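Below is one structure, written out as structure tokens, with a few remarks after it.
Note that the coordinates shown come from a computational prediction; the quantities given were computed from them, not determined experimentally. Every chain is numbered from 1, with letters handed out A, B, ... down the list of sequences.
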There are 2 protein chains.
Amino acid sequence: MSDAPPPGRPPAVPLYRDLVRQLVATLGAGEWKPGEAIPAERRLAERYGVSIGTVRKAIDTLVDANVLLRQQGRGTFVATHTRDRMLFQFFHIVPERGPKAYPVVKLVAWSRGKADRKEAEALAVVPGDAVIRIRNLLELDGQPIIVDDIAIAAARFPGLTERQFRERPSTIYSLYEDAFGLSVVRARERLRADTADAEIAPLLAVPRGTPLLAIRRIAHTLAGDPIELRLSRVNTARHEYFADIDGGP
Amino acid sequence: MSDAPPPGRPPAVPLYRDLVRQLVATLGAGEWKPGEAIPAERRLAERYGVSIGTVRKAIDTLVDANVLLRQQGRGTFVATHTRDRMLFQFFHIVPERGPKAYPVVKLVAWSRGKADRKEAEALAVVPGDAVIRIRNLLELDGQPIIVDDIAIAAARFPGLTERQFRERPSTIYSLYEDAFGLSVVRARERLRADTADAEIAPLLAVPRGTPLLAIRRIAHTLAGDPIELRLSRVNTARHEYFADIDGGP
DNA sequence: AAGTGGTCTAGACCACCAT
DNA sequence: TGGTGGTCTAGACCACTTA
């Protein structure tokens, strides 16, 4: 790509892998922003001195990872955090019966504080570093179903205000993206069964001791940096968490 | 592929998609069995009269779906239900800390009965049809952590005996595969929080009312037929369910 | 040495979209 | 009409496995 491979020394890393790395670096540097088109495949092939097939294979990788989005006849675009993407990729609570719906999000609490040990570990910061904590209440069908406790490192979100959260028209991840250039592309979730304590129960309008589904999520950027720790508590009386193991061909 | 495309009428379905369909059909017909190699890509290209690139694209699809497995220098093999595959693809319970481990499975109960409405719906049979119900207790680190209640349609597993379950050296899905030619390739799971009742609590050695994670799984064959309904109840005091949202590039 | 999958090329032609 | 991604070809060469 930049250099010819040394003679007789086959490249340890395939060209298209290297191209993925370069595309990710270019994306990370902000040369192509969410919502924008990246250059056409033929142009990328020229720019990097590889064949179009190799470009396609590299782009395939990033499309599979939901980082890029192909649109035939139009171009290839950097993925954005629309409501739809949030609903289909990151929101896994569905009604027991009936169609999936968008939650209505209400900000309950917003505060600054110092990272405790668990927060620090999850966010890859030092205990005591400034964190911002947000509590949201999510309603489905007009009923309060989920309490989200979100923690983010203040250093990654300079100047973030409570007002930005209140006035957010779209999803939280689109706020991270638009205002701070931080794109969540993947997350790890751990689930367990818990019970409603005195603090959570009234928010969800359930008795204390009601079993709740507790979801601990760490959201990552394309570079792999953790940028959000989220503890969701879900009333699963009429809703469920879904997971599909393998989409199939 | 079999016929030339009508002149001026572009094929509605791409060649490689059609090839996927044919490969799936051949797999379903049992021409290539789990663990066996399918013909080399060059041979498939000849056999179906397409280029090797098209064959590779079709095989890519089935490899992504965990139906086929490529091994460089050896061949492409039909996936089997090994312990490893079970652990990495279908078993999502991990210790709170420490490495993932295989569960030790103990058969608690085995019975035949008639499908109730929910079982019938899940297994795509008629209520009242014969079903086999299995209850397993799964231990991790020597502790009983999971109770699995499995229901399968008896008609799909002719001659299945309790003994086969007791003597199973590997996983249940490998029994389905080896003895009945039914390969589980994907599953849908729905999770909610529940509490231990009088029946489950003693099996897990917890007090009644202990919060448990309830997982309802329907497992499907490559053809999309549901072949197993499984209700797992998990003591999440020291273990968790994990879900990765997007593997990334 | 023979056979396998893995990478890469340099095109051709098509379907789709904007103008 | 021109540009985009989508499909498909017919090879070449490589890395790896097995015999």
Side-chain angles (χ1 to χ4, degrees), chain A residues 1-23 32 35-79 249, chain B residues 1-23 32 35-79 249:
Chain A
M1 184 135 11
S2 13
D3 290 28
R9 281 279 159 275
V13 52
L15 260 184
Y16 77 91
R17 284 280 175 206
D18 198 50
L19 185 49
V20 168
R21 208 181 40 71
Q22 291 196 233
L23 293 175
W32 309 315
E36 294 178 3
I38 70 172
E41 295 173 352
R42 286 163 179 82
R43 297 185 69 83
L44 289 171
E46 289 174 22
R47 171 163 164 179
Y48 292 105
V50 300
S51 81
I52 199 172
T54 301
V55 170
R56 280 191 64 79
K57 195 158 181 180
I59 292 180
D60 280 344
T61 305
L62 295 172
V63 169
D64 288 346
N66 289 304
V67 172
L68 296 178
L69 180 68
R70 284 209 181 92
Q71 290 186 247
Q72 185 176 92
R74 301 223 308 133
T76 301
F77 298 83
V78 184
Chain B
M1 183 128 18
S2 11
D3 290 27
R9 280 278 160 275
V13 50
L15 259 184
Y16 76 91
R17 283 280 175 205
D18 199 49
L19 185 49
V20 168
R21 208 181 40 71
Q22 291 196 233
L23 293 175
W32 309 314
E36 294 178 4
I38 70 172
E41 295 174 352
R42 287 163 178 81
R43 296 185 69 82
L44 289 172
E46 288 174 24
R47 170 163 164 179
Y48 292 104
V50 299
S51 81
I52 199 171
T54 301
V55 169
R56 279 191 66 79
K57 195 157 181 180
I59 292 180
D60 280 344
T61 305
L62 295 172
V63 169
D64 289 346
N66 289 303
V67 172
L68 296 178
L69 180 67
R70 283 209 181 93
Q71 289 185 248
Q72 185 176 88
R74 303 222 309 132
T76 301
F77 299 82
V78 183

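In this model, the phosphate group of C:dC8 is not approached by any side-chain N or O of A:S51 to a distance below 4.0 Å at OP1 or OP2. Look at A:K57 and you'll find a side-chain N or O under 4.0 angstrom from OP1 or OP2 of C:dT7. In this structure, B:T54 reaches the D:dT9 phosphate: one of its side-chain N or O atoms is under 4.0 Å from OP1 or OP2. Within the structure, every side-chain polar atom (N or O) of A:R56 is placed at least 4.0 Å from both OP1 and OP2 of D:dG5. Regarding contacts with the backbone of D:dC8, every side-chain N or O of B:Y16 stays at 4.0 angstrom or more from both OP1 and OP2.
Atom CZ of B:F77 and atom P of C:dT4 are 11 Å apart (whole Å). Computed from coordinates, the B:E41 CD to D:dT9 P distance equals 14 Å when rounded to whole Å. Between A:L44 atom CG and C:dT9 atom P there is a gap of 14 Å when expressed in whole angstrom units. Following rounding to the nearest Å, B:R43 (CZ) and C:dT4 (P) show an atom-to-atom distance of 7 Å. Atom C1' of nucleotide C:dA12 and atom CG of B:L15 are separated by 15 Å, given to the nearest angstrom. Between A:E46 atom CD and C:dT9 atom C1' the separation is 15 Å, expressed in whole Å. Rounded to an integer number of Å, the gap from B:L62 CG to C:dG5 P is 14 Å. Note: CG (B:D60) to C1' (C:dT7) measures 12 Å, nearest angstrom.
Here A:R17 contributes atom CZ and A:R21 contributes atom CZ; the two are 12.0 Å apart, rounded to the nearest 0.5 Å. For the atom pair CD of B:E46 and CD1 of B:I52, the computed distance is 9.5 Å after rounding to the nearest 0.5 Å.
Over its length, the helix from C:dA1-D:dT18 to C:dA18-D:dT1 turns its helix axis by 10°, as judged from the five terminal pairs at each end, rounded to 10°.
Closest approach to the B:I52 side chain among D:dG5, C:dG5, D:dG11 is made by D:dG11 (side chain taken as heavy atoms from C-beta onward). Closest contact between the side chain of A:R42 and the listed nucleotides D:dT4, D:dG11, C:dT9 involves D:dT4. Comparing atom distances between the B:V50 side chain and each of D:dT9, C:dT4, D:dG11 picks out D:dT9 as nearest.
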### Task
Would you please test A:L15 and A:L19 for side chain to side chain contact (heavy atoms under 4.5 Å, CB included) and show each step?
CA-CA 6 Å; A:L15 260 184; A:L19 185 49; over 6 Å; no
### Message
Quick one, A:L23 with A:T61, criterion side chain to side chain contact (heavy atoms under 4.5 Å, CB included). Give me CA distance, side-chain angles, the key distance, then yes/no.
### Response
CA-CA 11 Å; A:L23 293 175; A:T61 305; over 6 Å; no
### Task
Please test B:L62 against B:T76 for side chain to side chain contact (heavy atoms under 4.5 Å, CB included), starting from the C-alpha separation and ending with a verdict.
CA-CA 11 Å; B:L62 295 172; B:T76 301; over 6 Å; no
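In terms of heavy-atom proximity, B:G35 sits nearest to B:F77 at O-CD2, 3.6 Å. Smallest separation of non-hydrogen atoms from B:A45 and B:S51: CB-C, 4.1 Å.
Dense packing is recorded around CZ of A:R47, with more than 12 heavy atoms of other residues, nucleotides or ligands lying under 6.0 Å away.
Contacts of B:D60 classified as salt bridge (charged side-chain N to carboxylate O under 4.0 Å, His left out), with partners at least two apart in sequence or in another chain: B:R70.
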Between the protein and nucleotides 16-19 of chain C, which nitrogen or oxygen pairs are less than 3.5 angstrom apart?
| from | atom 1 | to | atom 2 | distance (Å) |
| --- | --- | --- | --- | --- |
| C:dC16 | O4' | A:Q72 | OE1 | 2.9 |

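With a 4.5 Å cut-off on side-chain heavy atoms, B:L68 and B:V78 count as touching.
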